[in-house]
Chemist: 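The structure is given below, and queries will be raised subsequently.
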Amino acid sequence: MHGISRRGLLKTGVAAGVLGLSGMPLRAQTRGGKLTAGLSGANTSDSWDGRTHSDLYMIASAQGAVFDSLTEVGADGMLKGELAESWEASADAKTWTFNLRQGVTFHNGKSFGADDVIESLQLHVAEGAKSAAQPIVAAISEMKKMSDSQVQFVLEAGNADFPYLMSDYHLLMYPAGQIEEAIASGIGTGLYQVQSFDPGVRMVATRYPDHYKGDGAGFFDEIEYIAINDNTARMNALMTGQVDAINRIDFKTEALLRANPALRIQEVTGNQHYTFAMLTDNAPFNDVNVRRALKYGINRQEMVDKILLGHGKVGNDTPIGPANQFYHAEMEQLAYDPDKSKFYLQQAGLDSLDIDISASNAAFEGAVDAAQLFQASAASGGINLNVVQEPSDGYWSNVWLKKPFSAVYWSGRATEDWMFSTAYEAGVPWNDSQWDGDDSARFQELLLMARAELDSAKRQEQYFEMQEILRDDGGVLVPMFANYVQAVNNRISSPDTVGNLWQMDNARMAERWSEA
């Protein structure tokens, strides 16, 4: 079976065509050895509960090594089967039937089947569950076990992107009846089996024997992921040979890495974006005029130049990026304009504005510096920002979604609906601006329309309008799209095409890389 692109999915996925496993042509890969990576995004509260995963460390450890999902986005952006071997849809894209891969076992020896899929997905809609994938699973009105190797999903409304959504890194497959044990010990069907796990510190795993992916993936005998949130410590660990690869290099020290002949830089353009989110259910951010004043108070090009050092592009307050199908590249760009900031403050009945903005480099590399640049540019428009430097550990649990105005990192998503339904749909757990009032009504209406629309031309019109609404009225400032820039020791070989959906080859370096 052939893999499909987003366009192919929209074109043929709803015609009851069967879609399934595909992959990039493989170069000869060296088997054996060990990969040691120094990764940011770790917390002492980390666990094997996929519902809680939000940053690279656990994404790479879980979906990238120990666990699997039903589908996978390849390095080339093509959708392919992982634990699902193939799938087909009804003509209205409401009913999807997934044929599961047979002969798969969990690391404790239990066979994988339909019961595991259903119980694993139900975790995300259980009472009290807090999962970013809750909107995906909540849209399924019925899950049917057709046989041990076939599951049928009936959706509340048609969704042409549904197979893509099943690749979400939160939607890990656990063994039915043993989920608590699997979360406690890290029992999945992935290429690597957990040997030790110290949350926020270190994870060690070894290659699972006789894995269903065979010799075409998982080339290392052992992987070790070390949590190194500090960017200087991470770079030093690579320079001194303590680790083989690091994510999120510090652009200020990029020249040192490039000067080292043992190392190479990987730079990939995707949908990663750095933001400042306003909780619009808090004053003064509930006033659209205040939000507009802030939008005109930020100097986007200065941030790209000084924070990214040119490794990215200016954002326009929408999360839809250059790697998305319906990216509105011709949309008029918001420009830095202190006079307009003053005008919108006046429209809000204010002569000036004094507010806190929370930032930490745990949000994104350079977040504190970015907040200080924002502070300087906004002052000319009568906005006085007080930059609050928050601790890195616990930032995502103690600051994000809790402080009214904070720096936030997003990797982006493969499809527009996936991004919007994760962070902009009314009522979803990760709506980091809580933007669901009257001034978001048209956006929410279009979101539902576009999700079920099978005509690509109409879908484009709807997504273009949604991006314009976010630019003008939304509660998230998106000043810049940042390239993924990471560094690797030359003793490690990586494919010619490196994934751009997440950092570190879609977080699947353990699966795709090998010793040189």
Side-chain angles (χ1 to χ4, degrees), residues 27 29-30 33-42 55-61 64-65 75 201-203 219-220 222-274 304 306-313 323 361-367 369 392 409 411-412 480-516:
R27 299 185 301 174
Q29 302 276 35
T30 300
K34 178 181 178 180
L35 171 68
T36 303
L39 305 176
S40 66
D55 210 336
L56 179 72
Y57 189 85
M58 285 312 301
I59 299 172
S61 298
V201 180
R202 186 184 309 267
M203 188 278 291
F219 305 102
F220 299 103
E222 182 178 344
I223 60 171
E224 180 180 12
Y225 290 167
I226 303 172
I228 311 178
N229 288 334
D230 181 78
N231 62 309
T232 300
R234 204 162 54 249
M235 187 197 73
N236 287 339
L238 181 68
M239 294 281 285
T240 57
Q242 297 176 61
V243 300
D244 302 312
I246 61 171
N247 70 315
R248 292 181 184 164
I249 73 166
D250 184 350
F251 298 137
K252 297 174 184 176
T253 57
E254 179 185 357
L256 289 175
L257 295 176
R258 290 194 182 276
N260 189 324
L263 307 175
R264 69 183 184 277
I265 302 287
Q266 291 180 342
E267 182 160 1
V268 184
T269 300
N271 291 334
Q272 176 178 227
H273 51 283
Y274 297 165
V304 172
K306 295 182 178 180
I307 303 301
L308 302 181
L309 298 184
H311 296 285
K313 63 175 296 180
N361 286 347
F364 57 83
E365 206 61 60
D369 290 340
S392 291
Y409 156 81
S411 58
M480 51 188 162
F481 280 84
N483 294 344
Y484 292 124
V485 188
Q486 50 220 25
V488 187
N489 191 295
N490 288 331
R491 79 169 200 86
I492 301 297
S493 174
S494 56
D496 293 335
T497 300
V498 175
N500 68 354
L501 188 58
W502 321 116
Q503 303 167 62
M504 307 303 279
D505 205 354
N506 291 359
R508 290 180 180 265
M509 55 189 166
E511 174 177 339
R512 300 173 182 172
W513 298 3
S514 68
E515 289 200 334

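Positions are given from 1 along the sequence. Note: hydrogens, waters and symmetry copies are ignored here, and every other heavy atom, side chains too, is used.
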Chemist: If you take all heavy atoms of Ser514 and Thr30, which pair is closest and at what distance?
Modeler: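 Answer, listing the atom of Ser514 first, then Thr30: CB-O, 3.4 Å.
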
Chemist: Do the rings of Phe481 and His273 sit parallel, tilted or perpendicular, given the 30° and 60° boundaries?
Modeler: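 It falls in the tilted class, 30° to 60°.
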
Chemist: Below 4.5 Å, heavy atoms only, C-beta onward: do Ile265 and Val485 meet side chain to side chain?
Modeler: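 Ile265 vs Val485: side chains touch.
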
Chemist: Using side-chain heavy atoms (C-beta onward) and a distance below 4.5 Å, is Gln503 in contact with Asp55?
Modeler: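 Yes, side chains in contact.
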
Chemist: Between Tyr225 and Ala510, what is the shortest heavy-atom contact and its length?
Modeler: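 So the two residues come closest at OH-CB, 3.2 Å.
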
Chemist: Strictly distance-based, threshold 3.5 Å: is any side-chain N or O of Ser411 a donor or acceptor partner for the main-chain N or O of Trp502?
Modeler: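 No; judged by distance alone, with no hydrogens or angles, the pair does not exist.
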
Chemist: Would you say Glu222's side chain and Lys34's backbone share a donor-acceptor pair under 3.5 angstrom?
Modeler: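 Answer holds: no.
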
Chemist: Please report the shortest heavy-atom distance between Leu56 and Ala507, naming the atom on each side.
Modeler: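 Heavy atoms of Leu56 and Ala507 come nearest at CD1-CB, 3.9 Å.
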
Chemist: Nearest 0.5 angstrom please: Arg258 CZ to Ile249 CD1, how far?
Modeler: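 Rounded to the nearest 0.5 Å, the CZ-CD1 separation comes out at 6.5 Å.
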
Chemist: Looking at OG1 of Thr36 and CD1 of Ile223, how far apart are the two atoms once the value is rounded to the nearest 0.5 Å?
Modeler: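 With rounding to 0.5 Å, OG1 (Thr36) is 9.5 Å from CD1 (Ile223).
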
Chemist: If you measure from CH2 on Trp513 to OG on Ser493, what distance do you get to the nearest 0.5 Å?
Modeler: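 If I round to the nearest 0.5 Å, the distance is 10.0 Å.
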
Chemist: Give me the atom names and distance for the closest heavy-atom approach of Arg264 to Ser494.
Modeler: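 In terms of heavy atoms, the two residues are closest at NH2-OG, 3.0 Å.
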
Chemist: Checking Asp505 side chain against Val498 main chain: does a donor-acceptor pair fall under 3.5 Å?
Modeler: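 Not a single qualifying donor-acceptor pair exists.
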
Chemist: For Ala42 and Tyr57, which heavy atoms make the closest approach, and how far apart are they?
Modeler: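 Minimum heavy-atom separation between Ala42 and Tyr57: CB-CG, 3.6 Å.
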
Chemist: Return yes if some donor-acceptor pair links the side-chain N/O of Asn489 with the main-chain N/O of Leu263 below 3.5 Å, else return no.
Modeler: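 Between the backbone of Leu263 and the side chain of Asn489 there is no qualifying donor-acceptor contact (under 3.5 Å).
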
Chemist: Can you find a pair of side-chain heavy atoms, one from Asn236 and one from Thr232, that are under 4.5 Å apart?
Modeler: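 In contact.
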
Chemist: Could you walk me through whether Leu39 and Met509 pass the side-chain contact (heavy atoms from CB on, under 4.5 Å) check?
Modeler: CA-CA 12 Å; Leu39 305 176; Met509 55 189 166; 3.8 Å; yes

Chemist: Do Phe220 and Ile492 come within less than 4.5 Å of each other through their side chains, counting heavy atoms only?
Modeler: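 They are in contact (side-chain heavy atoms under 4.5 Å apart), so the answer is yes.
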
Chemist: Look up atom OG1 in Thr240 and atom CD in Gln242, then write down how far apart they are to the nearest 0.5 Å.
Modeler: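 Atom-to-atom, Thr240:OG1 and Gln242:CD are 3.5 Å apart.
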
Chemist: Would you say Arg234's side chain and Arg248's backbone share a donor-acceptor pair under 3.5 angstrom?
Modeler: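 Confirmed, Arg234 side chain pairs with Arg248 backbone.
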
Chemist: Output the distance between atom CZ (Arg508) and atom CD1 (Ile59), rounded to the nearest 0.5 Å.
Modeler: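 It is 11.0 Å, given to the nearest 0.5 Å.
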
Chemist: Minimum heavy-atom separation for Gln272 and Asn483, please, with both atom names.
Modeler: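 Scanning both residues, the minimum pair turns out to be NE2-O, 3.2 Å.
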
Chemist: Taking only residues two or more places apart in sequence or in another chain, which ones pass salt bridge (charged side-chain N to carboxylate O under 4.0 Å, His left out) with Asp230?
Modeler: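 For Asp230 there are no salt bridge (charged side-chain N to carboxylate O under 4.0 Å, His left out) partners, ignoring immediate neighbours.
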
Chemist: Taking the side chain as C-beta and beyond, is there a heavy-atom pair between Leu309 and Glu254 under 4.5 Å?
Modeler: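 The answer is no, as the side chains (C-beta and beyond) never meet within the 4.5 Å cut-off.
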
Chemist: Salt bridge check: are Arg491 and Asp244 linked by an N-O gap of less than 4.0 Å?
Modeler: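 Salt bridge flag = yes for Asp244 with Arg491.
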
Chemist: I'd like to check the side chain to side chain donor-acceptor pair (under 3.5 Å) partners of Asp250; sequence neighbours left out, ordered by chain and number.
Modeler: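 If we apply the side chain to side chain donor-acceptor pair (under 3.5 Å) test to Asp250, skipping adjacent residues, the hits are Asn231.
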
Chemist: Please check if atom NZ in Lys252 has more than 12 non-hydrogen atoms from other residues, nucleotides or ligands closer than 6.0 Å.
Modeler: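 No, not enclosed.
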
Chemist: So, the side chain of Asn361 versus the backbone of Ala367: is there a donor-acceptor pair under 3.5 Å, distance only?
Modeler: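 Yes; at least one donor-acceptor contact below 3.5 Å.
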
Chemist: Checking ring-ring contact (aromatic ring centres under 6.0 Å, His included) between Phe364 and each of Tyr274, Tyr484, Phe251, Tyr409, which is the one that passes?
Modeler: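 The option that passes is Tyr274.
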
Chemist: Is there a donor-acceptor pair closer than 3.5 Å between any side-chain N or O of Asn260 and the backbone N or O of Ala262?
Modeler: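 Yes: the side chain of Asn260 pairs with the backbone of Ala262.
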
Chemist: Taking it one step at a time, do Leu257 and Met239 satisfy side-chain contact (heavy atoms from CB on, under 4.5 Å)?
Modeler: CA-CA 7 Å; Leu257 295 176; Met239 294 281 285; 3.6 Å; yes

Chemist: Is a side-chain donor or acceptor of Gln486 paired with a backbone partner of Met504 at a separation under 3.5 angstrom?
Modeler: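 Answer holds: yes.
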
Chemist: For Arg202, give me all partners under salt bridge (charged side-chain N to carboxylate O under 4.0 Å, His left out), at least two apart in sequence or on another chain.
Modeler: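 With sequence neighbours excluded, Arg202 shows a salt bridge (charged side-chain N to carboxylate O under 4.0 Å, His left out) to Glu224, given in chain and number order.
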
